[in-house]
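Owing to the predicted nature of the structure, the values given are computational and were not obtained by experimental measurement.
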Amino acid sequence: MRRLLAVTLAGTALAGVLTGCGGEENWAKKCATTNGVVECAVADRPQVGEVTGELLDGGRYDVADDRGKVVVVNFWGSWCPPCRAEAPDLERVYQATKASKVTFLGINSRDDRDSAKAFERGRVTYPSIYDFEGDVALKFDVTQTTTPATLILDRQGRIAVALRRSTTAAELQPLVERVAAEANG
């Protein structure tokens, strides 16, 4: 029962901003949405607050430490077939863009730690936060109705792009490169 409640709360929390229930102002309505991809003009990007969490392999992550970098955040679970399908594409884009001061971060939800570690092994080389309860997802002040989902944060820690579904390298890489090419501002 506790697990069902945690899953329900995490899903509800993640759904808010992207679906318009996340606060007084629905930032996504100001942005262009096409086929599940929300792209925000610089002036309309919401700032991500304090986001910290425990990494799957130990240690802590703090999004503030990555200010000045583009951060691609992927919400995933080992139990999710689309997550399995997109993982090689995410790794490919990570490898192709990391020299441009781009980093990737996974947010693992609704998984036991061993399953999550086994999923990552051999698939991705970037770190993931273990977020069984959905607490870290709440810190992004975004909600999603599906897993997987991906956010692209600009160098100031604002949400530039939100993908409400799985993605491919062909779709994701140009979006990441466009945000990475923006002037700091």
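- Side-chain atoms of L151 and V161, non-hydrogen and from C-beta on, never get closer than 4.5 Å to each other.
- Judged by distance alone, with hydrogens and angles left aside, the side-chain atoms of D154 form a donor-acceptor pair with the main-chain N or O of G157 at under 3.5 Å.
- Between the side chain of R158 and the backbone N or O of Q47 there is no donor-acceptor pair closer than 3.5 Å.
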For a side chain to side chain contact (heavy atoms under 4.5 Å, CB included) check, start with the C-alpha distance between Q173 and T97, then their side-chain angles and the critical distance, and finish with the verdict.
CA-CA 8 Å; Q173 189 164 336; T97 60; 4.3 Å; yes
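- From S109, atom OG reaches atom CZ of F75 across 8.5 Å, with rounding to the nearest 0.5 Å.
- Note that CD of E133 and CG of L138 are 10.5 Å apart. Values are rounded to the nearest 0.5 Å.
- Residues E177 and K98 are not paired through a salt bridge, judged by the lack of any N-O separation under 4.0 Å between the basic side chain and the carboxylate.
- Under the 4.5 Å side-chain criterion, counting only non-hydrogen atoms from C-beta, V63 is in contact with L153.
- When side chains are defined from C-beta on, R113 counts as touching L56, because their heavy atoms get closer than 4.5 Å.
- Counting heavy atoms from C-beta outward, D89 and L172 have side chains that stay 4.5 Å or more apart.
- Although no hydrogens or angles enter the test, the distance criterion places a donor-acceptor pair under 3.5 Å between the side chain of T168 and the main chain of E171.
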Trace of the side chain to side chain contact (heavy atoms under 4.5 Å, CB included) decision for T103 with V70
CA-CA 6 Å; T103 192; V70 171; over 6 Å; no
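- Among the candidates V102, V179, I159, the single residue satisfying the side-chain contact (heavy atoms from CB on, under 4.5 Å) test with I152 is V179.
- Using a 3.5 Å distance cut-off with no hydrogens or angles, the side chains of S128 and W76 do pair a donor with an acceptor.
- For the residue pair Y130 / D111, no side-chain donor-acceptor distance below 3.5 Å is found, with atom types taken as modelled.
- Between T150 and R165, the side chains place no donor N or O within less than 3.5 Å of an acceptor N or O (distance only, hydrogens not considered).
- Looking at every heavy atom in both residues, A116 comes nearest to S78 through N-OG, 4.4 Å.
- Contact between G53 and V136 at its shortest, heavy atoms only, is CA-CG2, 4.2 Å.
- Geometrically, R92 does not engage Y94 in a cation-pi contact, judged by NZ or CZ lying under 6.0 Å from the ring centre and within 45° of the ring axis.
- Annotation: side chain of F104 is in contact with side chain of V93 (closest heavy-atom distance under 4.5 Å).
- Side-chain atoms of Y61 and D66, non-hydrogen and from C-beta on, do get closer than 4.5 Å to each other.
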Derivation of the side chain to side chain contact (heavy atoms under 4.5 Å, CB included) call for E182 and R155:
CA-CA 9 Å; E182 294 174 351; R155 296 184 192 284; over 6 Å; no
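- Going from atom CD1 of I129 over to atom CG of L105 covers 4.5 Å, rounded to the nearest 0.5 Å.
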Test side-chain hydrogen bond (donor to acceptor under 3.5 Å, both in side chains) on R110 and T147 and set out the steps.
CA-CA 10 Å; R110 301 180 277 176; T147 298; 3.1 Å; yes
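- Without hydrogens or angle criteria, R164 side chain to A149 main chain gives no donor-acceptor distance under 3.5 Å.
- Looking only at side-chain heavy atoms (C-beta outward), S166 and C83 stay at 4.5 Å or farther from each other.
- Note that OG1 of T125 and CG of L90 are 11.0 Å apart. Values are rounded to the nearest 0.5 Å.
- Contact between A87 and V124 at its shortest, heavy atoms only, is O-CG1, 3.9 Å.
- Defined by atom type and a distance below 3.5 Å, a donor-acceptor pair is present between the side-chain atoms of E86 and N74.
- A distance of 9.0 Å separates CD of E39 from CZ of R45, quoted to the nearest 0.5 Å.
- With values rounded to the nearest 0.5 angstrom, E91 atom CD is found 12.0 Å from R123 atom CZ.
- Residues T52 and K139 bring a donor and an acceptor atom of their side chains to less than 3.5 Å of each other.
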